[in-house]
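A quick write-up on the structure given underneath.
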Amino acid sequence: MTVGNVLITEDEIQDRIRLLAAEITKDYESRDLLLVGILKGAVMLMADLARAIELPMDMDFMAVSSYGAATQTSGVVRIIKDLERDIEGRDVLIVEDIIDSGLTLNYLLKSLSMRKPASIEVCSLLVKEGLQRAAVSCKYPGFIIPPDFVVGYGLDYLGLYRNLPYITVMNEEEIAAV
Ligand code: IMP
Ligand code: MG
């Protein structure tokens, strides 16, 4: 059974991740790479990307709240789970599911920069086209997508659909039916 209108297939996601990982492998050779996955949306990307990067690396996770139960961002970001270790002097690569308004990442970049990492960059599977309310530079974007609400491959609606291996657009009836 397929949910919604598939926007990006499983094969397309996996092909793109292999390309991103090859770029990251080239860029981070001989550096101290720390992947920071943002829970829960980035778990799928974190697992697939990490396995495709051919370098020694470390992984850590943060959890932030941005949306609550709504489909529109509130602009309020709160750290629910912080990193386990210090990032001073390390090459941090934030792994995110999607950049919508950019407010979540903008906040994270500001707050992690204060901890003096050697470098900090962003890899986001999806970047929504349109007006980002906060300018964030994403060095490793997966796909640029229209400003529709999508689920799958880590992205949820009310906690559902994260396990779909593809990215799909939910129509309003489907959203209302949950
Ligand atoms: P931003 O702060 O508006 O950039 O929102 C980022 C966060 O909102 C992401 O990490 C997602 O958890 C959530 N989000 C934004 N757009 C979508 C969507 O289309 N589907 C599911 N979650 C989304
Ligand atoms: Mg979410």
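All heavy atoms count here, side chains included; hydrogens, waters and symmetry mates do not. Order of listing sets the numbers, starting from 1, for every ligand and every atom in it.
Within the 4.0 Å heavy-atom cutoff, Asp148 counts among the residues contacting ligand 1. Residue contact check for ligand 1: Val151 places no non-hydrogen atom closer than 4.0 Å to it. For the pair Gly102 and ligand 1, a heavy-atom separation below 4.0 Å is found.
In this structure, Thr168 and Val6 approach most closely via the heavy-atom pair OG1-N, 3.5 Å. Taking every heavy atom of both residues into account, Met44 and Asn163 meet most closely at CE-CA, 4.1 Å. In terms of heavy-atom proximity, Lys81 sits nearest to Phe61 at NZ-O, 3.0 Å. For Leu112 against Pro117, the heavy-atom pair with the smallest separation is O-CD, 3.3 Å.
Between Asp97 and Arg162, none of the side-chain N atoms (NZ, or NE/NH1/NH2) sits under 4.0 Å from a carboxylate O, so this pair counts as no salt bridge.
Looking at Asp156 against ligand 1, only its backbone comes within 4.0 Å, counting heavy atoms.
Between Tyr140 and Tyr28, the ring planes lie tilted relative to each other; the angle falls in the 30° to 60° range.
Taking only nitrogen or oxygen atoms, main chain and side chain alike, Val150 reaches within less than 3.5 Å of ligand 1.
The option with the heavy atom closest to atom 6 (C) of ligand 1, from among Leu105, Leu155, Thr104, is Thr104. The residue among Ser101, Gly41, Ser65 with a heavy atom at the shortest distance from atom 1 (P) of ligand 1 is Ser101.
When each atom of ligand 1 is checked for a heavy atom of Lys128 under 4.0 Å away, the hits are 16 (N), 17 (C), 18 (C), 19 (O). Close contacts between ligand 1 and Glu96 involve ligand atoms 10 (O) [criterion: under 4.0 Å to a heavy atom]. Of all the atoms in ligand 1, the ones that sit under 4.0 Å from a non-hydrogen atom of Asp97 are 9 (C), 10 (O), 11 (C), 12 (O).
Taking 4.5 Å as the limit, some side-chain heavy atom of Tyr153 sits within range of a side-chain heavy atom of Asp48.
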